[in-house]
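Nothing here was measured: the structure is a model prediction, and the numbers come from that model. Order of the sequence lines fixes the chain letters, A, B, ..., with proteins taken first and strands second; residue numbering starts at 1 for each chain.
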There are 2 protein chains.
Amino acid sequence: MATIYEVAALAGVSPATVSRVVNGQRVSEEKAALVRAAAAELNFTPNRTARTLRRQNSEVIALVLPDIENPYFTSMARGVEDVARAAGYSVVLCNTDEDPAKEAKYLDIAISENMAGVVLAPASDHTDLQHLVARGRPIVAVDRSTRFDIDGVMMNNRQGGLSAAQTLVDAGYRRIACITGPRDIETAAERSNGWREIVTRAGMFDRPDDYLRYSTFRVDGGRTAMQELLAMENPPDAVVAANNLMGVGALQVLTETGLTPPAFGVAVVGDLPFTTLPPASVSIVRLPARHMGVTAARMLLERIDGDTQPARTVVLRNEIIPATSVPAPTV
Amino acid sequence: MATIYEVAALAGVSPATVSRVVNGQRVSEEKAALVRAAAAELNFTPNRTARTLRRQNSEVIALVLPDIENPYFTSMARGVEDVARAAGYSVVLCNTDEDPAKEAKYLDIAISENMAGVVLAPASDHTDLQHLVARGRPIVAVDRSTRFDIDGVMMNNRQGGLSAAQTLVDAGYRRIACITGPRDIETAAERSNGWREIVTRAGMFDRPDDYLRYSTFRVDGGRTAMQELLAMENPPDAVVAANNLMGVGALQVLTETGLTPPAFGVAVVGDLPFTTLPPASVSIVRLPARHMGVTAARMLLERIDGDTQPARTVVLRNEIIPATSVPAPTV
DNA sequence: CTGAAAGCGCTTACAG
DNA sequence: CTGAAAGCGCTTACAG
């Protein structure tokens with residue numbers, strides 16, 4: 001693996017000059033030509049590890065996500081990647097599996113590899129960013145907020161749960177349940193808060209929380225929660241699923257039970273991934289996943305470029321697409 | 001950011017001793033205790049960039065994939081990640097988008113960051129691995145083979161296409177079409193070869209390839225191809241989709257047309273991601289995505305540990321799950 | 001077991 | 001514009 005010294009020797013210049021050519025600094029055209037020829041001849045690729053060590057800064061951005069198998073997050077990843085690439089950064093994707101220990105490990109790596117910055121969807125609201133912040137590494141939180149005073153890109157989760165529940169009320173369903181993710185994940189709590197507000201206002205239940213299930217933000221979680229709801233003495237006739245994968249799980253169980261929409265109402269906070277359902281059979285709160293990634297990456301790049309304005313939180317809009325208004329069955 | 005020198009000074013030992021403690025080498029217990037205390041006090045994290053530069057080897061593995069939004073690949077990624085993590089390596093995911101230029105960029109980065117090795121699903125059969133091979137970096141190809149003499153983990157693609165087509169023949173369909181990915185992607189070509197073999201053997205068409213469509217390995221690709229097939233003068237009554245996403249696209253179009261299985265037969269080479277279809281309504285050739293990742297990671301780790309045996313190719317089995325045998329409609 | 005010293009491959013003030 | 005030299009933070013033969 002050719003080094004800058006070998007290129008310098010072959011070109012008859014100093015290593016400093018080679019470095020300058022590689023980095024596009026002022027060098028006389030004749031020497032530059034010599035260097036380029038030598039570099040090509042030796043198949044020279046600059047060693048990024050050495051560059052990073054010297055510059056104290058690498059050209060990679062870490063994107064730390066809780067579930068890389070969730071299309072919501074991969075879609076966000078595409079947004080981050082497109083913006084970062086255009087600015088000359090590469091993106092490494094780290095999967096925390098919602099596990100604070102794995103997350104801590106990856107954040108440590110981001111520090112010790114001198115990465116340029118981090119876009120993070122925190123695994124819990126206890127995520128510790130002190131090290132990163134203390135070292136002045138730019139961080140942008142996406143999807144979920146943190147206890148630290150850093151930039152963030154969020155959506156209005158309460159509003160999402162609210163719209164989802166309201167659209168089912170409007171369609172005439174009378175017993176609207178909710179399945180959501182772990183309590184300590186902000187998006188899970190807020191979305192179910194929105195749902196609770198609607199069913200309470202409608203006076204739908206004596207004890208609304210009897211119709212609320214906490215589970216994991218995964219297909220299995222949605223399945224389990226849905227099965228529990230259907231097994232209730234007085235089961236619901238509709239459900240708000242607080243994320244895309246839970247929505248899939250709920251729909252699987254409903255399909256297996258022969259209860260497809262609109263016989264049973266379903267509204268999902270999030271887009272159903274790879275759906276083959278008839279169009280508009282389920283109400284969807286569309287989440288701007290890719291756009292969140294784009295926005296987060298832009299904010300991060302601004303910080304990397306030295307922007308020191310106070311921390312900002314951007315809240316993106318989400319949009320409800322109601323199921324085609326087939327009225328709910330009147331029992 | 002504390003360095004090894006500061007820790008050494010605080011502990012009253014040499015930097016070499018600190019290094020030895022950090023790396024678990026023989027150090028007297030008293031000095032080790034001193035070092036640990038000092039490290040904790042200063043919140044010391046070893047600088048991986050420096051370590052990598054010195055050792056000429058990092059503890060990260062690159063996983064280079066053509067489409068990070070395809071659950072087939074993210075599932076593979078989980079397999080790689082789990083094995084790699086257990087061995088102390090972290091995995092960085094790189095998305096090439098089936099673009100050879102992006103792929104080349106990431107492979108360059110893998111070299112210049114001194115990564116320990118690469119697991120690669122090549123974007124095309126022209127992928128150039130010369131640099132990597134010349135530098136002796138271990139590489140394992142997954143899903144698709146290369147022109148280079150390296151380890152690989154594949155599946156029997158022709159067999160997959162063959163089983164998918166055969167199961168539709170067995171169910172009684174008479175005009176079985178095929179939609180597949182780009183010609184220059186090995187898996188696309190081989191799976192359609194399997195299909196062609198079956199329909200030819202069955203004497204199903206005068207010119208089988210009239211019922212073959214090449215498109216992208218994405219949902220859109222499946223949609224377009226399916227629409228074209230349905231618009232034919234003499235349309236098919238069943239289709240083999242050569243990958244999971246094309247299968248989704250085809251099913252979307254069929255659903256929108258009111259032609260759901262088994263009215264129209266569908267067999268997919270690959271698992272339908274996040275499906276909400278009634279169980280067993282579509283025939284599926286299950287692909288061992290996660291297992292491929294696990295196998296590839298293990299092979300890579302062996303090479304990283306210095307194994308020099310000749311290159312191996314492992315071919316994993318795939319398994320057909322036929323749709324419940326509702327007979328096809330007899331026209 | 002421990003330390004002094006060299007070196008991994010770059011970049012970048014500093015002089016000229 | 002160009003080069004000599006120092007230094008980024010580690011690790012690791014080499015001596016002792």
Side-chain angles (χ1 to χ4, degrees), chain A residues 1-36 38-39 42-60 108-116 131 135-137, chain B residues 1-36 38-39 42-60 88 108-116 135-137:
Chain A
M1 188 143 169
T3 74
I4 219 172
Y5 289 92
E6 304 173 50
V7 175
L10 182 58
V13 301
S14 75
T17 297
V18 176
S19 171
R20 289 186 186 109
V21 172
V22 169
N23 292 291
Q25 301 188 49
R26 297 211 72 69
V27 170
S28 71
E29 189 42 55
E30 34 180 353
K31 300 223 173 198
L34 252 28
V35 169
R36 276 191 290 267
L42 296 176
N43 221 311
F44 172 71
T45 310
N47 182 316
R48 283 169 191 256
T49 303
R51 171 182 290 174
T52 298
L53 178 60
R54 180 52 227 249
R55 286 200 187 151
Q56 302 279 67
N57 204 0
S58 83
E59 277 143 346
V60 355
D108 259 9
I109 292 180
I111 292 174
S112 70
E113 301 248 21
N114 300 295
M115 292 189 187
H131 290 190
R135 284 168 174 81
R137 287 288 154 189
Chain B
M1 187 141 171
T3 73
I4 220 174
Y5 289 91
E6 303 173 50
V7 176
L10 183 58
V13 301
S14 76
T17 297
V18 176
S19 172
R20 292 190 183 105
V21 172
V22 170
N23 292 291
Q25 303 190 49
R26 298 211 72 69
V27 170
S28 72
E29 189 41 56
E30 34 181 353
K31 299 224 174 196
L34 251 30
V35 168
R36 277 191 289 268
L42 296 176
N43 222 310
F44 172 70
T45 310
N47 182 317
R48 284 169 189 256
T49 303
R51 170 182 292 174
T52 298
L53 179 60
R54 181 51 227 249
R55 287 199 187 152
Q56 302 280 65
N57 203 0
S58 84
E59 278 144 344
V60 356
D108 258 10
I109 292 180
I111 292 174
S112 70
E113 301 248 24
N114 299 294
M115 292 188 186
R135 283 168 173 81
R137 287 289 154 192

**OP:** List the steps, then state whether side chain to side chain contact (heavy atoms under 4.5 Å, CB included) holds for V60(B) with E113(A).
**Re:** CA-CA 11 Å; V60(B) 356; E113(A) 301 248 21; 3.6 Å; yes
**OP:** Please tell me which of F44(B) and R20(B) maps to the more 5' nucleotide of DNA chain D, matching each residue to the nucleotide holding its nearest heavy atom.
**Re:** F44(B)
Original post:
Side chains of I111(B) and R135(B): does their closest heavy-atom pair fall under 4.5 Å?
Top reply: yes
**OP:** Check whether any side-chain heavy atom of D108(A) lies under 4.5 Å from a side-chain heavy atom of H131(A), and answer yes or no.
**Re:** yes
Original post:
When you match T17(B) and A50(B) each to their closest nucleotide on DNA chain C, which lands nearer the 5' end?
Top reply: T17(B)
**OP:** Mind running side chain to side chain donor-acceptor pair (under 3.5 Å) on N114(B) and T49(A) for me, showing each step along the way?
**Re:** CA-CA 7 Å; N114(B) 299 294; T49(A) 303; 2.9 Å; yes
**OP:** Find the partner of dG16(C): check Watson-Crick (N1-N3 plus N6-O4 or O6-N4) and G-U wobble (N1-O2, O6-N3) distances, both under 3.5 Å, and reply none if neither fits.
**Re:** dC1(D)
**OP:** Give the first and the last nucleotide of DNA chain D, reading 5' to 3', that has any atom under 4.0 Å from a heavy atom of chain A.
**Re:** dC1(D) to dG9(D)
Original post:
More than 12 foreign heavy atoms under 6.0 Å from CD of E30(B): is that the case here?
Top reply: no
**OP:** Could you check which residues of residues 27-36 of chain B get a heavy atom under 4.0 Å from DNA chain C? Sort them by number, please.
**Re:** V27(B), S28(B), K31(B)
Subject >> Side chain R137(A), main chain M115(A), donor-acceptor under 3.5 Å >> reply: yes
Subject >> Member of T17(A), V13(A), V18(A) meeting the side chain to side chain contact (heavy atoms under 4.5 Å, CB included) criterion with V27(A) >> reply: T17(A)
**OP:** Determine, step by step, whether R48(A) and I109(B) satisfy the side chain to side chain contact (heavy atoms under 4.5 Å, CB included) criterion, reporting the C-alpha distance in whole Å, the side-chain angles of both residues, the deciding distance to 0.1 Å, and the verdict.
**Re:** CA-CA 8 Å; R48(A) 283 169 191 256; I109(B) 292 180; 3.7 Å; yes
